[in-house]
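Quick notes on the structure that follows.
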Amino acid sequence: MPAAPFEYYAPATIQEAIALLTQYDGEAKILAGGHSLLPIMNLRLAQPKALIDIGKIPGLSGIREDNGTIVIGAMTTHYLVESSSLLKQKVPILPETAAVIGDVQVRNRGTIGGSIAHADPAGDLPGTAVALDMQLKAVGPRGERTLSAREFFVDILTTALQPDEILTEIRVPAMPPRTGSAYEKFPNPASRYAIVGAAAVVTLDGNGVCRKASVGLNGVTGTPVAAVGVEQALVGKRLNAQSIQEASAKAADGLEPLGDIFASAVYRAHLARVFTKRALSRASGRV
Ligand SMILES: Cc1cc2nc3c(=O)[nH]c(=O)nc-3n(C[C@H](O)[C@H](O)[C@H](O)COP(=O)(O)OP(=O)(O)OC[C@H]3O[C@@H](n4cnc5c(N)ncnc54)[C@H](O)[C@@H]3O)c2cc1C
């Protein structure tokens with residue numbers, strides 16, 4: 001089915017884009033790569049009156065380092081994230097996650113900002129965003145504000161962004177020394193979307209004791225979540241097969257996993273534990 005009729009705008013500046021969002025008062029949508037928005041418009045699950053294409057606004061795409069922080073423009077494609085030598089060196093879990101999104105066509109068009117703003121429970125980047133506690137810059141008619149990933153995701157396909165705000169920039173600190181990370185997912189065999197994904201980042205001290213652990217899970221519940229029980233169980237411990245196994249057993253504690261045609265709630269909880277263990281094992285091996 002084709003999408004319902006809509007107006008199309010390609011503003012040249014962020015201010016113009018915000019003015020259009022304000023004018024349409026919640027009835028317009030930002031268009032980034034279009035790889036999530038256009039399919040749901042064709043299904044008529046979304047019928048915006050206008051699309052505001054931000055692809056022609058200069059400065060929204062690119063990856064740079066600013067004083068030890070990596071800054072990624074919201075319009076940076078998955079392919080650019082996957083192939084960035086700066087990211088491979090400073091925040092390797094990001095290229096690792098981007099590389100397993102869909103297929104090469106999807107990665108050439110889809111953007112990091114679009115994936116995060118869309119907040120699909122089956123999306124890969126939201127779990128990694130939580131593990132890295134990304135700082136997300138939003139710009140709107142009231143100025144700009146920065147949200148942390150752990151407060152950004154509100155519900156299925158719902159974020160803390162207001163309808164007149166645009167996600168412009170993602171900031172992540174470069175990983176400190178003695179840090180390892182890994183992203184593991186159980187993909188849907190047809191679409192490659194994550195049925196469950198686990199992103200792990202661990203930092204050890206000079207004696208091999210875990211100083212900091214972050215685990216983000218996607219696909220388990222309606223929003224990506226931090227596996228706080230796992231994180232707490234690891235800090236202060238030497239990471240080995242036993243401590244990782246014991247901590248990973250807590251991955252689904254306190255969560256209400258989704259159940260659907262792809263995986264029951266019980267199976268998703270099981271996958272959360274298994275994939276947390278795999279991600280932590282690889283992350284600790286990489287320190
Ligand atoms: C066949 C197929 C397979 C896929 N497989 C995977 C997969 O395995 N893993 C995965 O994670 N994803 C997958 N995707 C989704 C893909 O990663 C999308 O690119 C991504 O989810 C959305 O990014 P986009 O740039 O295309 O955003 P769009 O589709 O343009 O936008 C998505 C939503 O976010 C909003 N939005 C976009 N950018 C901004 C912004 N800067 N500020 C505010 N709001 C914004 C839009 O208004 C819209 O509501 C797949 C898609 C397809 C078509």
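Atoms within each ligand, like the ligands themselves, are counted from 1 in listed order. We count residues from 1, following the sequence as given. Please read all numbers here as calculations on a predicted model, not as lab measurements.
Under the 4.0 Å criterion applied to side-chain N and carboxylate O atoms, R145 and E165 are assigned as salt-bridge partners.
Heavy-atom contacts of S191 reach the following atoms of ligand 1: 3 (C), 5 (N) (cutoff under 4.0 Å). When each atom of ligand 1 is checked for a heavy atom of L161 under 4.0 Å away, the hits are 43 (C). Distances below 4.0 Å separate heavy atoms of G123 from the following atoms of ligand 1: 10 (C), 11 (O). Against a heavy-atom cut-off of under 4.0 Å, G33 is close to the following atoms of ligand 1: 24 (P), 25 (O), 26 (O), 27 (O), 30 (O). In the vicinity of S36, heavy-atom distances shorter than 4.0 Å reach the ligand 1 atoms 15 (C), 18 (C), 20 (C), 21 (O), 22 (C), 26 (O), 29 (O). Below 4.0 Å from some heavy atom of R192 lie the following atoms of ligand 1, by number and element: 7 (C), 8 (O). For ligand 1, the atoms sitting less than 4.0 Å from at least one non-hydrogen atom of A32 are 25 (O), 27 (O), 30 (O), 37 (C), 38 (N), numbered in the order shown with element in parentheses.
Sparse packing is recorded around CG of N67, with 12 or fewer heavy atoms of other residues, nucleotides or ligands lying under 6.0 Å away.
Within the 4.0 Å heavy-atom cutoff, I54 counts among the residues contacting ligand 1. Heavy-atom distances between K185 and ligand 1 reach below 4.0 Å in at least one pair. Contact analysis puts V106 in contact with ligand 1, with a non-hydrogen atom separation below 4.0 angstrom.
Scanning the protein heavy atoms around atom 25 (O) of ligand 1, the nearest turns out to be T111 OG1, 2.6 Å. Looking only at heavy atoms of the protein, atom 17 (O) of ligand 1 is closest to H78 NE2, 3.0 Å. From the protein, the heavy atom lying nearest to atom 42 (N) of ligand 1 is L167 N, 2.9 Å. Counting only heavy atoms of the protein, atom 31 (O) of ligand 1 lies nearest to L37 CB, 3.9 Å. Of all protein heavy atoms, the one closest to atom 11 (O) of ligand 1 is D124 N, 2.8 Å. Taking atom 47 (O) of ligand 1 as the reference point, the nearest protein heavy-atom neighbour is I30 O, 2.5 Å. Nearest protein heavy-atom neighbour of atom 33 (C) of ligand 1: H118 ND1, 3.6 Å. In terms of protein heavy-atom proximity, atom 15 (C) of ligand 1 is closest to Y193 OH, 3.1 Å.
On a distance-only criterion, A194 and ligand 1 share no N/O pair closer than 3.5 Å. For ligand 1, none of its N or O atoms has an N or O atom of I101 under 3.5 Å away. In terms of polar-atom proximity, defined here as any N/O pair under 3.5 Å, A74 makes no such contact with ligand 1.
E7 is not listed as a side-chain neighbour of K49, based on a closest heavy-atom distance of 4.5 Å or more. The shortest distance between side-chain heavy atoms of L87 and I70 falls below 4.5 Å.
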### Message
Walk me through whether R282 and E96 qualify under salt bridge (charged side-chain N to carboxylate O under 4.0 Å, His left out).
### Response
CA-CA 12 Å; R282 277 208 303 130; E96 184 179 1; 2.7 Å; yes
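The two residues A198 and L217 have their closest heavy-atom pair at CB-CD2, 3.8 Å. The shortest heavy-atom contact between T111 and A32 is OG1-CB, 3.6 Å.
Partner D205 forms a salt bridge (Lys or Arg N to Asp or Glu O under 4.0 Å) with one of K212, R238, K237, R211 and no other, that one being R211.
Checked by atom type, the side-chain pair T97/T128 shows a donor-acceptor distance below 3.5 Å. A donor-acceptor pair shorter than 3.5 Å cannot be found between the side chains of N218 and Y193. Of the N and O atoms on the side chains of Y183 and D124, at least one donor lies less than 3.5 Å from an acceptor on the other residue. For S243 and N240, the side-chain atoms include at least one donor-acceptor pair closer than 3.5 Å.
Considering CD1 of I166 and OG1 of T168, their distance stands at 8.5 Å, rounded to 0.5 Å.
When G114, A98, P163 are ranked by how near their heavy atoms come to atom 23 (O) of ligand 1, first place goes to G114. Remark: among candidates G34, A119, A138, P126, the nearest residue to atom 28 (P) of ligand 1 is G34, based on non-hydrogen atoms.
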